[in-house]
Structures are given as C-alpha cells and as structure tokens.
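Structure record follows, encoded as structure tokens.
Reckoned from all heavy atoms, side chains included, excluding hydrogens, waters and symmetry mates. Proteins come first, then strands; the chains are lettered A, B, ... in the order of their sequence lines, and each starts at number 1.
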Number of protein chains: 4
Amino acid sequence: MAGVNKVILVGNLGQDPEVKHLEGDKVVANVSLATTESYKDRSGNRVDNTEWHDLELWDGLAKIAESYLKKGSKVYVEGKIKTDSWQDEQGNNRKKVKIRVLNMTMLDSRTDSPNTGGGNSNYANNTSNSSQSMPSPAVSEGPGEDDDLPF
Amino acid sequence: MAGVNKVILVGNLGQDPEVKHLEGDKVVANVSLATTESYKDRSGNRVDNTEWHDLELWDGLAKIAESYLKKGSKVYVEGKIKTDSWQDEQGNNRKKVKIRVLNMTMLDSRTDSPNTGGGNSNYANNTSNSSQSMPSPAVSEGPGEDDDLPF
Amino acid sequence: MAGVNKVILVGNLGQDPEVKHLEGDKVVANVSLATTESYKDRSGNRVDNTEWHDLELWDGLAKIAESYLKKGSKVYVEGKIKTDSWQDEQGNNRKKVKIRVLNMTMLDSRTDSPNTGGGNSNYANNTSNSSQSMPSPAVSEGPGEDDDLPF
Amino acid sequence: MAGVNKVILVGNLGQDPEVKHLEGDKVVANVSLATTESYKDRSGNRVDNTEWHDLELWDGLAKIAESYLKKGSKVYVEGKIKTDSWQDEQGNNRKKVKIRVLNMTMLDSRTDSPNTGGGNSNYANNTSNSSQSMPSPAVSEGPGEDDDLPF
DNA sequence: TTTT
DNA sequence: TTTT
C-alpha cells in the first residue's frame with residue numbers, strides 16, 4: 001500500500017497563471033508549463049520535443065504564482081500526479097491529468113521578476129516539513145503558509 | 001528551452017503487463033501502477049487515496065516486465081510524462097497521459113518473483129548512462145540492452 | 001540564491017537504528033543505509049557496488065524508525081544532504097556528510113514488520129505539506145507530527 | 001539488493017570547474033555547487049543556509065562543464081552519491097563524499113553563457129537512455145558521448 | 001485494476 | 001501556449 005508519486009519539472013510557463021480566489025481564503029492557480037527535450041535524430045538534425053503540463057497550485061503557492069510568475073517564467077516545480085475524473089454532458093467518462101505542485105523555485109534572474117523592488121530576497125515558508133531548501137521566490141505548501149507571504 | 005521532465009513512482013501493478021512484440025525486434029509493455037496515499041482526515045479517520053498511472057515500457061524494460069512483473073508486483077519506476085494526442089472517430093481531440101519508464105527496480109522480495117528458480121540475482125544493463133544503481137531485477141533503458149537480458 | 005537539495009534512496013538498513021531521546025521531546029535516529037548497484041563489467045562478470053549512507057531522522061520519523069525499522073529493512077527515503085563540520089582534538093577541520101530524512105516509506109511486506117500486532121494500517125502524518133503519498137508505515141516530517149503517531 | 005541512489009540539485013557554482021584531461025581521452029571536471037536554503041526563524045528573521053556539494057563530472061559532461069560553466073553559473077544537476085575512501089599519510093581512514101553527475105541542465109539565460117558566439121543552440125547527447133529532456137546546454141552521460149559534442 |  |  002506504500003506509495004510514492006513524485007514529479008519534478010523544470011520549464012517555462014506558456015502564459016500567465018490563472019488565479020481564482022475561492023471562498024474561505026482558498027486560492028487556486030492554474031498554469032501550463034512546457035518542458036522541452038532536445039536531441040539529434042539519426043540524420044544529425046536537432047529535434048525539439050515539447051511536453052505541456054497542467055499545473056495546479058493552492059493557497060500560498062497560488063499567491064506566489066499570482067505575484068511572481070508570468071508567461072515565460074522559468075521554474076523548478078515538484079509535485080504529484082493527480083487525475084481528475086468526471087462525466088461530460090454525453091455521459092462519457094473523462095479524465096484530466098494535472099500536476100499538483102507542492103514545492104516551487106523560481107529560476108529567472110531576479111531582474112526579470114515582476115512587481116518587485118528589485119531585491120534578491122529569498123522566500124520560503126517555515127514549515128518544518130519544507131522538504132528542501134526553497135529560496136529566491138521559493139516556497140512549499142504548508143500549514144500557516146497563507147500568512148507567511150513576505151509581501 | 002532547458003527542460004526537466006521526471007517522474008518517480010513506487011506502487012503496485014493493477015494487473016499483468018500487456019506486452020506486444022512489434023516488427024524489428026521492438027517490444028512494448030503497458031501496465032497500470034497504483035500509488036496509494038493514506039492520511040487521516042479531520043475526524044481522525046484513515047483515508048486511502050489511490051492514483052492510477054499508465055506505464056509504457058520499451059524493449060529491454062518491456063522484456064523484463066514480461067518476464068518478472070505481474071499483477072500485484074511492487075516496483076520503483078523512474079520516467080517521464082508523455083502525452084499521446086489523437087482525434088477520435090467524432091473528430092474530437094483526445095489526449096492520454098502516460099509515464100514512459102526509463103528506469104525500474106523491483107521491490108518484491110525475491111520469493112515473490114514468478115518464473116524464477118528462486119535466485120537472488122540482480123539484473124541491470126551495463127549502459128554507462130544507467131543513471132543509477134539498479135539491482136535486483138533492475139534495469140535502465142539503453143542501447144544494446146536488448147541483448148543484455150540475463151536469461 | 002534559489003536552491004534544491006534533494007536525495008532519493010532505496011536500500012536496506014545495515015543495522016538497527018540508534019535512537020536518542022533528547023530533552024524537550026526531541027528524538028533523533030541514526031542508521032546507515034546501503035544502496036547496491038549491480039552491473040556487468042567488460043568481461044561479462046556481475047559486479048556489485050555498495051554505497052553506504054548515514055541517515056539522520058528527527059522526531060516523528062525517528063519514532064517510526066525506532067518502532068518499525070531494523071537491520072535489513074528495505075526503505076524508500078527522501079531527504080537532503082547535510083554536512084556537519086567540526087574540529088577534532090588535533091584542531092583539524094573535519095566534515096561528515098549525512099542524509100537528513102524528510103520522507104520515508106517502508107517497502108518490506110508487512111509480515112516482516114517487527115513490534116506490530118499484525119496490523120496492516122498505514123501511517124502518515126497529516127501535514128498539508130506532506131509532499132506526497134506516504135502510506136504503509138510511511139511518514140513525513142512535519143509540525144505536530146510528534147503527536148500524530150498512531151501507536 | 002535493489003537500490004536507488006539519486007541526487008537532484010539546483011544551485012550555483014562556487015568557482016570555475018577544474019578540468020583534467022587524462023590519458024585515453026578521459027576527462028574529469030570537479031566543481032563545487034552551493035544550494036541555499038532560506039527560511040524565517042522563530043523571531044521572523046530570514047536565515048540563509050548554504051550547503052556545498054563537490055561535483056564530479058566525466059567525459060562529455062566534463063567537456064560541457066569546461067566550455068560552458070563558470071563561477072556563478074546556475075545549474076540543475078542529477079547524479080548519485082559516491083564516497084571515496086583512502087588512507088592518509090598517518091594511516092587514518094579518510095572519506096570524501098562526492099556527487100557523480102549523470103545529467104545536467106544549464107539554467108542561466110543564454111546571454112550569460114561564456115565562450116559562445118551568441119547561439120541559442122541546445123546540446124544533448126543522443127543516448128537512448130538519456131533519462132529525460134536535456135536541452136540548452138544540457139547533457140547526459142552516455143556511450144559515444146565523447147564524440148557527440150556539438151562544437 | 002494493486003497493495004496492506 | 002513557453003523557452004533558446
């Protein structure tokens with residue numbers, strides 16, 4: 001019954017995050033991330049292969065996304081695969097695979113950052129379970145994180 | 001353009017792998033893997049949450065899967081997310097997300113293994129790019145792997 | 001300044017964990033974990049290569065280790081690299097690299113588990129930052145975890 | 001006996017790589033990488049915590065490092081923990097833990113790149129075992145890689 | 001559809 | 001839809 005479901009991505013956002021503020025202080029951000037693989041085929045030609053990932057971020061991470069991420073931003077993202085299932089109007093079973101983001105590190109040089117006074121400050125939430133160092137605009141999901149935004 | 005697209009899973013197979021031998025010595029195996037997350041909800045009740053992943057393995061890894069994996073097998077798997085896109089009969093765009101497996105380690109105790117004379121032998125292919133230790137029935141994708149099966 | 005420092009290991013314990021109960025309810029467990037890489041050399045002979053890792057677990061994870069892990073246990077472990085530095089008696093600078101464990105999943109079949117009344121229950125702490133599914137005896141570090149042990 | 005020994009780091013180089021060309025076309029590069037963790041302590045003060053990692057890269061990866069990496073470069077690195085053991089002059093057992101790099105992606109914006117004629121080209125070796133997309137100056141270890149450098 |  |  002043990003399980004591990006872990007995804008690690010580094011790529012660029014295809015557009016600005018779509019952020020929804022829900023009732024009860026909940027926030028959710030959705031954004032797609034491109035990871036591009038580049039290789040040479042047999043004839044020696046370079047081939048680019050792009051995979052698009054649907055990211056979903058909640059609460060503290062969603063707020064960071066809203067404030068700092070925009071189309072083109074490069075990020076390191078850690079999370080898990082999550083499949084939404086539902087029935088469409090025709091009664092067909094439909095599924096959509098998303099990446100629920102649990103950790104994020106921004107990889108753009110600071111000067112690219114929007115909304116910032118130009119600082120180099122790092123952001124991480126102080127959850128003891130922050131599963132790793134997460135500086136620059138870097139955060140983990142966690143309890144109390146909502147109040148932990150440094151701005 | 002840089003990209004990282006990495007998935008790490010530990011779970012159990014939902015059924016025996018489906019293996020297809022294609023022309024030109026190509027082999028592909030498909031199998032679904034369950035990763036179960038277990039937590040206590042607010043009321044203190046234990047809740048199980050199972051996510052199913054569609055794995056795709058090629059060539060050497062497919063042969064290992066065919067020989068060693070079966071319904072219930074526990075495995076560590078490393079790979080990348082890959083989305084297949086096509087149009088269905090109604091002309092609708094359809095997508096299916098799969099995990100292309102690039103590395104695998106069997107986690108069952110040896111005695112569980114099918115088809116084996118009871119050995120404890122480890123299997124790994126000798127690709128220099130084998131990105132890590134992969135013993136027991138453990139293998140990486142790689143060139144020449146097809147000839148590297150230990151049976 | 002952004003950083004990611006992540007380690008993922010699957011292996012077996014070299015001996016029982018050494019657990020120390022410190023003041024203020026702090027608990028620390030130390031144990032070494034072997035990861036074995038197996039490959040064929042040029043001559044086709046199988047070669048085993050074992051790397052030993054010094055694991056350090058705190059609080060809830062340490063208690064789980066104390067209760068469930070023993071010499072030979074197979075575990076999946078996630079954490080970060082941490083170097084302790086000090087001066088020895090001769091005034092030499094010394095370093096010791098350890099893996100600070102932040103997530104753990106036991107991979108033994110339940111019947112191997114010591115100290116259990118035979119249950120199959122799964123254990124995970126309910127930190128919202130639990131970065132992934134962690135069932136069976138599986139836990140994450142996290143706030144309040146100390147009180148979250150199911151035994 | 002199964003094992004997984006995997007390290008994932010994102011950080012900045014502390015100095016230029018030290019590259020040694022050995023006999024038989026072997027090349028090795030050593031460089032230290034800083035991963036910085038940033039958090040707020042109880043008093044709300046920001047604390048930075050830097051961990052230094054000794055990276056070792058071989059052959060194709062070493063050449064890429066020699067050509068593209070320099071002090072301050074930001075990189076994503078994937079590899080395994082490897083402990084060198086030896087006896088010093090006094091006969092004491094000594095150990096040194098290194099990260100053997102098996103995959104690398106440069107994370108600097110292109111304009112930061114040294115030695116380049118301004119190109120945006122991506123580099124990856126075409127090993128089928130390249131365990132993931134590795135574009136920009138991005139490479140995996142692998143067979144034949146030595147001849148696969150695009151410059 | 002798995003596993004405990 | 002991104003990025004170089």
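Residue-nucleotide stacking is not present for A/W52 and F/dT2, judged by a side-chain ring centre under 5.5 Å from the six-membered base ring centre and planes under 30° apart.
Rounded to whole Å, atom C1' of E/dT3 lies 10 Å from atom CG of B/L33. Atom CG in A/N49 sits roughly 14 Å away from atom C1' in F/dT2 (whole-Å rounding). Whole-Å rounding puts the A/D16 CG to F/dT1 C1' distance at 11 Å. Here the C1' atom of nucleotide E/dT2 and the CG atom of B/D48 are 12 Å apart, to the nearest Å. Atom P of nucleotide E/dT3 and atom CG of B/L69 are separated by 13 Å, given to the nearest angstrom. F/dT2 atom P lies 15 Å from atom NZ of A/K74, rounded to whole Å. The interatomic distance linking B/Y76 (OH) with E/dT3 (P) rounds to 22 Å, in whole Å. Atom NE2 of B/H53 is separated from atom C1' of E/dT2 by 11 Å (rounded to the nearest Å).
Within the 4.0 angstrom heavy-atom criterion, base atoms lie near A/T50.
The only member of B/K82, B/K80, B/K6, B/R100 that meets salt bridge (charged side-chain N to carboxylate O under 4.0 Å, His left out) when paired with A/E37 is B/K80. Paired with D/V75 under the rule side chain to side chain contact (heavy atoms under 4.5 Å, CB included), one option of D/L107, D/L69, D/V10 passes, and it is D/L69.
Judged by atom type and distance alone, A/T35 does not reach the base of F/dT2 through any side-chain donor-acceptor pair under 3.5 Å.
Residues passing the side chain to side chain contact (heavy atoms under 4.5 Å, CB included) test with B/K95 are A/D54, B/T83, B/S85, sequence neighbours excluded. By the side chain to side chain contact (heavy atoms under 4.5 Å, CB included) test, A/V27 is found to be paired with A/V19, A/H21, A/A62, A/K63, residues two or more places apart in sequence or in another chain being considered.
The side chain of B/Q15 approaches E/dT1 more closely than any other nucleotide in the set E/dT1, F/dT1, E/dT2. Checking E/dT1, E/dT2, F/dT1 against every side-chain atom of B/T36, the shortest atom distance belongs to E/dT2.
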